[in-house]
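These values consider heavy atoms only, across backbone and side chains, with no hydrogens, waters or symmetry-generated copies. In the text below, chain A, chain B and the rest are named by the order of the sequence lines, each starting its count at 1.
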Number of protein chains: 2
Amino acid sequence: MTGSDSRPPTLEQVANYAGVSRATVSRVINGVQTVDPELRRTVERAIAATGYVPNLAARSLVTGRTDSIALVVSEPENRGYSTPFLTRMFTDPFLGRITAGAQEVLRPLGIHLVIFLADPPARPHLLRYLRQGHVDGALLISSHVDDPLPGQLVELGVPVVLSCRPGHPVTISYVDVDQWAGVRMAVDHLARLGRRSLATITGPLDMPAAQDRLAAFEQSVRAHGLEPRHVEGDFTRSGGERAARRLLTEHADVDGIFVANDLMADGALRVVQETGRKVPDEVAVIGFDDSTAALECHPPLTTVRQPVEEMAGEMAQLLMTRIREPQRTPRSVIFNPELIVRASA
Amino acid sequence: MTGSDSRPPTLEQVANYAGVSRATVSRVINGVQTVDPELRRTVERAIAATGYVPNLAARSLVTGRTDSIALVVSEPENRGYSTPFLTRMFTDPFLGRITAGAQEVLRPLGIHLVIFLADPPARPHLLRYLRQGHVDGALLISSHVDDPLPGQLVELGVPVVLSCRPGHPVTISYVDVDQWAGVRMAVDHLARLGRRSLATITGPLDMPAAQDRLAAFEQSVRAHGLEPRHVEGDFTRSGGERAARRLLTEHADVDGIFVANDLMADGALRVVQETGRKVPDEVAVIGFDDSTAALECHPPLTTVRQPVEEMAGEMAQLLMTRIREPQRTPRSVIFNPELIVRASA
DNA sequence: ATGAAAGCGCTAACAC
DNA sequence: GTGTTAGCGCTTTCAT
């Protein structure tokens, strides 16, 4: 059946071929148990012979479901990043872990995960895409504090789960790591190593995660009777280099640095060593994430582990229950971080 | 209209609201010109008032189109990579450039681009997804030589364009860079610098692009009367480090290295310098891609530029014409590379 | 320029 | 356990 027929075979054609009704074929396709085993085999042969594939649009029109959900990575506006959005997304192992974790949960459910990268010019498309019912719901990653997307989606009635605490209060499920606990672990570790001149390289301070980590850093450092310092970075490797350079210039005496993600920590590590300082003896460095980048650092990076895969899996689960029971009030889940000690601190 | 109605408004409801027929509303929605301007405004008001959004499934059922295409990144089997597929995909800036280039073309056409990462466990899902008509066609990235996916898709009648020369001859459009020309530029440059002991770090040798670059390297080096050497890498940064370590052990006299992509070149650069060799004076290093990673290398990387964004744009264009005119024979387009000289060679 | 009506391919009641 | 039937929401002839 090397289909040169202009149109693909339909349920009806399969039914005719098998000498049964459309309903029976439909039942076989959908795995309904109440079908005579013999008839089922007849139908299955007919399906194979005709090369039949269900038409999704038709099914979706009647069921109202699409069995696919979107993983949306959104950036509300172009800030002064040196690297374009798409490059950043495809340079940080973070997204890969999210995808893997979500797929793990979705795959057994027969749900497709489609990835959607929404930089500013893509946003109108994204909204259309989601409103049109291409997907049953969305996992939303990122979110600068003033990202309007979460609100818009809720208003549109699209089931959504966020990847971290929303910037503004919205009635919405989210999953996050206990940022404060994680940062405190890092700071305590630095203090335990006897470091007294502590600084942090932050993420973009318009992102909730970056804000949380900075606030937690400052409080934890003060709790040790020390004076916190910080430089703003942008979560990229080269941003980490730049920030470290600035930090070492402004505060040459720093002996412990908490970097808000592993990618920047990698960059910072390089710069610290280029300036002739030994890691970890003269300057200890701790990252955040425990992504693959942490292992590729020289020396291997001590870092605060986020269970990203698990978190993404939980997001998927929250979303599925939200899709199934839209009126239930949103739940959120906070995960525990863990300090992974390697060679950099 | 904060829709607490269980079902979203339909065309019919808009028509009733506006006091016209469904056909007229449909025309307004689809921008058909033959509509009285006044009526059009009435309809537009009705659309706004009801908060109407077209139902994609219904439209798609009748038009047979979905106005979205998939960007599929496929890996046929798990080879012995040290890094998992998803991590690799989200660590190499390559995919981001592909996405950007494709979006550039697709966006003005109102076509959505959805990304689909297909590691081995996801493949059955992918096939179902594509067969079911979720998308009008697919841009297929990657392809190990024995990837069955291109063939399967062609057989299924899914319009496809490949990102590089297919491993096996298939009647299929593809876009590629002139690998031979690019590699020759790199080798000629090394020779011009007086390097006589040349080696290459290759990609996984089951990928056509890696094979092409190795073959081209060997021929170009021999053309200079020199003896080519090679070590197999895996296109990742840490793979580049490992390969470079092996290379320097086996051939301590190497003074020029062509690395099959920028990411591995970054790793190689690090290792070369760790062993006390100066770059470029003692060892010259040239990469391939001219991705953002090239600029972040220390020193900045001399590399062979692939116009990835343009190539992806061309892929999108080829795919769209293939979708519109399925019977036309597939066309392929080869792009010219360019040597970007920076500090590493 | 507008409306009426015929499906697109499928699922889900409902009858048998 | 199987078939019949009524739509799902939209586009698109075909009349008017």
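In this structure, the CD atom of Q132(A) is 10 Å from the P atom of dT11(D), given to the nearest Å. The interatomic distance linking L56(A) (CG) with dG9(D) (C1') rounds to 15 Å, in whole Å. Atom CG in N16(A) sits about 13 Å away from atom C1' in dG3(D), given to the nearest Å. In this structure, CG of L61(A) is placed 17 Å from P of dA6(D), rounded to the nearest angstrom. Between I29(B) atom CD1 and dT11(D) atom P there is a gap of 7 Å when expressed in whole angstrom units. The separation between R22(B) atom CZ and dG7(D) atom C1' is 12 Å, rounded to whole Å.
A salt bridge does not link E44(B) to R41(B): none of the charged nitrogens lies less than 4.0 Å from a carboxylate oxygen. Residues R107(A) and D67(A) are not paired through a salt bridge, judged by the lack of any N-O separation under 4.0 Å between the basic side chain and the carboxylate.
At a threshold of 4.0 angstrom between heavy atoms, the contacts of S26(B) include nucleobase atoms, whether or not backbone atoms are also involved. At the heavy-atom level, L39(A) lies under 4.0 Å from the strands shown only through sugar-phosphate atoms.
With the nearest nucleotide of DNA chain C identified for both P37(B) and A58(B), P37(B) has the one nearer the 5' end.
The environment of E325(A) atom CD is dense: over 12 non-hydrogen atoms of other residues, nucleotides or ligands sit within 6.0 angstrom.
One side chain, S74(B) or D147(B), offers a donor N or O that lies under 3.5 Å from an acceptor on the other.
Using bins of under 30°, 30° to 60° and over 60° for the plane-to-plane angle, the ring pair Y129(A)/H112(B) lands in the perpendicular bin.
Protein chain B contacts DNA chain C over a range whose 5' and 3' limits, counting nucleotides with an atom under 4.0 angstrom from a non-hydrogen atom, are dA1(C) to dG9(C).
Side-chain N/O atoms of R40(A) and base N/O atoms of dG1(D) include no donor-acceptor pair closer than 3.5 Å.
For F94(B) and F90(A), the distance between ring centers is not under 6.0 angstrom.
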